[in-house]
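Sequence positions, counted from 1, serve as the residue numbers for this chain.
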Amino acid sequence: QVQLVESGGGVVQAGGSLRLSCAASGRFFSAYAMAWFRQAPGKEREFVAAITWSGGLTYYADSVKDRFTISRDNAKNTVYLQMSSLKPADTAVYYCAADTTYLTDENTLIRGSSYGYWGQGTQVTVSS
């Protein structure tokens, strides 16, 4: 059983930065692929970023590329999402997701159905 707890959300002005954290409990964190998804009011959940179990590969949605950075610290069982140049369109609840997979292909890691464990979400609000 894996539990994921997100933190770091809040209210920020457009152009500002935030860093989200996702702390994972359970064993073998280093074997998990990790990802961030988000869901804005009235919209479907969408992929934001993913990182492979080793941290060697990362993938991003086009809408956040060059503004967001996903990283992981396996010693701390934590994955991060550094968000910069934030826009009002980034306003959403951000969810951390995990699954025990050694797969590294983008088509797998950008799909929500690839992840069996989800956090409760953290709200990010970007004001204009």
Side-chain angles (χ1 to χ4, degrees):
Q1 187 72 15
V2 176
Q3 292 185 328
L4 304 174
V5 179
E6 302 99 334
S7 62
V11 180
V12 64
Q13 287 191 332
S17 299
L18 279 175
R19 188 178 80 157
L20 304 183
S21 299
C22 173
S25 64
R27 302 172 67 185
F28 308 121
F29 174 79
S30 61
Y32 293 1
M34 304 292 297
W36 289 94
F37 290 77
R38 67 187 182 186
Q39 187 166 20
K43 294 187 177 181
E44 293 189 354
R45 182 182 65 192
E46 66 174 358
F47 168 76
V48 175
I51 188 166
T52 55
W53 65 274
S54 68
L57 290 173
T58 56
Y59 301 109
Y60 297 93
D62 288 342
S63 59
V64 307
K65 204 169 292 184
D66 298 325
R67 298 189 299 121
F68 291 10
T69 301
I70 188 171
S71 61
R72 66 189 299 159
D73 185 338
N74 287 345
K76 296 183 178 179
N77 280 16
T78 301
V79 66
Y80 304 97
L81 185 68
Q82 179 67 47
M83 306 185 294
S84 60
S85 302
L86 283 162
K87 306 174 181 179
D90 295 318
T91 295
V93 177
Y94 283 71
Y95 297 92
C96 175
D99 211 285
T100 52
T101 177
Y102 288 104
L103 295 175
T104 60
D105 65 289
E106 183 174 13
N107 285 338
T108 296
L109 296 185
I110 67 173
R111 292 201 306 266
S113 58
S114 298
Y115 300 90
Y117 303 102
W118 293 82
Q120 82 290 349
T122 185
Q123 176 71 47
V124 172
T125 302
V126 184
S127 61
S128 57

[atom2] on [Y] to [atom1] on [X], rounded to 0.5 Å:
X: Glu46; Y: Gln39; atom1: CD; atom2: CD; answer: 9.5 Å
X: Trp53; Y: Arg72; atom1: CH2; atom2: CZ; answer: 9.0 Å
X: Met34; Y: Leu4; atom1: CE; atom2: CG; answer: 5.0 Å
X: Thr52; Y: Leu57; atom1: OG1; atom2: CG; answer: 4.5 Å
X: Ile70; Y: Cys96; atom1: CD1; atom2: SG; answer: 8.0 Å
X: Glu6; Y: Tyr94; atom1: CD; atom2: OH; answer: 12.5 Å

Checklist entry - Between Trp36 and Met83, is a side chain to side chain contact (heavy atoms under 4.5 Å, CB included) present by the stated rule, with each step listed? => result CA-CA 12 Å; Trp36 289 94; Met83 306 185 294; over 6 Å; no
Item to check | Aromatic ring proximity Phe37/Tyr115, centre distance under 6.0 Å | outcome: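 When the ring centroids of Phe37 and Tyr115 are compared, they turn out to be within the sub-6.0 Å range.
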Next on the checklist: If you count every heavy atom of other residues, nucleotides or ligands that lies below 6.0 Å from Gln123 atom CD, does the total exceed 12?
Outcome noted: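 Correct, the count exceeds 12.
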Item to check | Neighbour count >12 (heavy atoms, 6.0 Å) for atom CG, Asp105 | outcome: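 Enclosed: over 12 neighbouring heavy atoms sit under 6.0 Å from CG of Asp105.
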Checklist entry - So, does Asp99 use its side chain to make a donor-acceptor pair with the main chain of Gly116 at under 3.5 Å? => result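 Answer holds: yes.
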Next on the checklist: Less than 4.0 angstrom from a charged side-chain N to a carboxylate O is my criterion; do Asp90 and Lys87 meet it?
Outcome noted: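 No salt bridge links Asp90 with Lys87.
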Checklist entry - Looking at Leu109 and Phe47, what are the two nearest heavy atoms and their distance? => result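 Closest pair (atom of Leu109, atom of Phe47, distance): O-CE1, 3.8 Å.
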Checklist entry - Looking at side-chain heavy atoms only, is the closest gap between Arg67 and Tyr60 below 4.5 Å? => result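 The answer is no, as the side chains (C-beta and beyond) never meet within the 4.5 Å cut-off.
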Next on the checklist: Any non-hydrogen side-chain atom of Thr91 less than 4.5 Å from a side-chain atom of Arg38?
Outcome noted: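 Of all side-chain heavy-atom pairs linking Arg38 with Thr91, none is under 4.5 Å.
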